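In this text, all values refer to a predicted model and were calculated from it rather than measured experimentally. Labels below follow one simple rule: chain letters A, B, ... track the order of the sequence lines, proteins then strands, and each chain is numbered from 1.
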Amino acid sequence: MIARTVLSAEEIRRAVRRIAHEIVERNHGLADVVLVGMRTRGVPLANRLAEAIGEIEDASVPVGALDIGLYRDDIASRAPHVQPTDLPMAMEGRTVILVDDVLYTGRSIRAALNALTDFGRPAAIQLAVLVDRGHRQLPIRADYVGKNIPTALHEDVDVLLEETDGHDEVRIAREEGEQ
Amino acid sequence: MIRATSQEQAVAPRSGDERKWTRQHLLDVDDLSGDEIGLLMETADSMKEVLGRDVPRVPTLRGRTVVTLFYEASTRTRASFELAGKALGADVINVAAGGSSVEKGESLIDTVRTLQAVGADVLVMRHGSSGAPHLVARHVRSSVINAGDGWHAHPTQALLDLYTMRAHLGDVRGRRVVIVGDIAHSRVARSNIWLLSNAGAEVTVCGPATLLPAGLRSGDPPVEEPQALPRVNVETDLDAAVEGADVLMALRLQKERMTGGLLPSLREYATLYQLNESRVARAASGALVMHPGPINEGVEISPAVASSLQSVIDEQVTNGVAVRMAALLLMCGVKTG
């Protein structure tokens with residue numbers, strides 16, 4: 001595989017801080033806001049957002065983890081690998097901010113929306129992603145985007161995070177031999 | 001190959017969990033790898049989270065059909081598979097041999113072919129003959145899960161027992177597990193011996209010599225065939241066996257063994273091999289008391305022990321649903337062409 005870096009560790013840090021500011025600005029008071037990270041890499045991102053919001057607003061925003069493995073529509077084509085969902089409270093009446101690393105076809109988000117509603121009826125659901133790489137297959141858009149990165153279909157966007165991969169970097173990778 | 005441009009560099013693919021379930025059937029536990037056992041246990045953890053929800057149901061297997069085909073009586077295993085399938089959103093059809101075309105003389109193979117033709121994705125099967133599920137697996141495209149065959153194997157029972165032990169003890173490596181009762185005629189004992197040994201536990205089987213399988217009785221020549229059971233400790237004195245044990249598992253004593261001349265009387269069996277309070281007291285403190293059910297209270301286990309705080313018998317039943325959900329989910333994720 002060959003890859004080029006599209007976001008450095010410093011750029012990721014700044015993107016997270018900017019999204020945190022946007023979340024604060026848009027949800028005055030943050031009273032009912034809960035951050036829900038989508039496994040795997042949405043969870044550390046949600047934790048970072050909560051920390052950044054805490055620095056800006058002196059408010060503590062609860063963080064949960066959502067696994068969408070049981071809600072995917074392609075179980076036959078990929079071996080299911082599921083982890084427990086861990087939400088800090090009922091979603092009833094909350095403003096839920098879903099957090100994921102990459103927004104691509106929108107199918108994961110569709111699955112996450114279905115999963116979330118099994119835990120109650122949120123007042124609103126917003127979506128925060130570190131990278132929007134395009135190629136949507138469903139009518140889904142993000143409310144907060146770290147960076148829009150145009151990609152080709154044969155490319156992979158790898159988000160590497162300190163917590164899961166040892167260092168922070170977003171890179172575009174493709175198999176050698178692919179143009 | 002295209003050379004990397006200046007800001008491009010060769011990298012290893014981003015790491016992820018590469019463990020994959022590749023088995024189409026779950027017929028036995030003797031050949032499960034450590035990774036497969038780990039994947040099943042972790043998946044069962046997620047299933048347990050689903051079962052703890054207000055509405056314990058997810059749509060994962062919507063449109064899939066699970067058929068339970070039971071040629072032997074069962075309450076908990078069949079109900080547990082049915083609940084597991086429904087919690088995952090599958091359609092579940094229960095077929096009992098009594099009342100089906102089996103009574104008209106339909107052969108096993110014809111029955112399973114019919115069930116496959118009506119769209120069974122997974123066949124959960126219990127049969128009195130050892131190896132029946134293996135035979136069926138060779139004749140159908142559906143996944144086959146062995147829910148107990150003769151004296152041979154009961155994979156999901158052993159898996160739920162291991163899951164329950166891990167929930168209390170963590171890693172079972174080096175833990176001492178005593179299985180007491182009719183070892184020779186028990187598929188539960190056999191599957192537990194295999195699975196617990198593979199997981200690194202130290203297994204002791206205990207029972208009267210007439211109820212120990214060939215190869216384990218004192219004086220038997222050692223069995224060196226590949227299908228022989230793994231090495232376990234054998235003890236005919238329960239008081240000695242329980243000393244310092246971490247898990248005490250009693251098996252159901254089937255009363256028909258009495259007529260076979262293998263036991264002198266129930267009372268004598270209870271005196272020598274019942275899990276009672278004084279025996280539990282000799283085990284490690286906080287030792288788990290387990291039983292696959294159904295229980296003959298006052299025979300293989302005393303009522304006080306069965307309902308004591310150390311007893312995880314009810315939990316075994318609850319965990320059974322989670323483990324069976326994990327098995328169904330993993331099987332349905334395998335492409336069968």
Mark yes or no: A/Arg133 above the aromatic ring of A/Tyr104, with NZ or CZ under 6.0 Å from the six-membered ring centre and no more than 45 degrees from the axis.
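Judged by the rule (NZ or CZ under 6.0 Å from the ring centre, within 45° of its axis), A/Arg133 counts as positioned above A/Tyr104.
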
On the ring face of A/Tyr144, is A/Arg26 found with NZ or CZ under 6.0 Å from the centre and within 45° of the axis?
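Because its charged atom sits under 6.0 Å from the ring centre and within 45° of the axis, A/Arg26 does stack over A/Tyr144.
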
Do A/Asp132 and A/Arg141 meet the salt-bridge criterion of a basic N to acidic O distance under 4.0 Å?
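Salt bridge absent between A/Arg141 and A/Asp132.
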
Using 4.0 Å as the upper bound for N to carboxylate O, is an ion pair formed by A/Glu11 and A/Arg14?
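Salt bridge: no.
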
Heavy-atom pairs under 4.5 Å with chain B: which of A/Thr85, A/Thr5, A/Asp118 has the most?
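The residue among A/Thr85, A/Thr5, A/Asp118 with the greatest pair count is A/Thr85.
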
Name the region of B/Val55, side chain, backbone, both or neither, that has any atom closer than 4.5 Å to a heavy atom of chain A.
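Contact with chain A is absent: no heavy atom of B/Val55 under 4.5 Å.
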
Sort B/Arg57 into side chain, backbone, both or neither according to what part of it lies under 4.5 angstrom from a heavy atom of chain A.
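For B/Arg57, the backbone is the part near chain A, not the side chain.
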
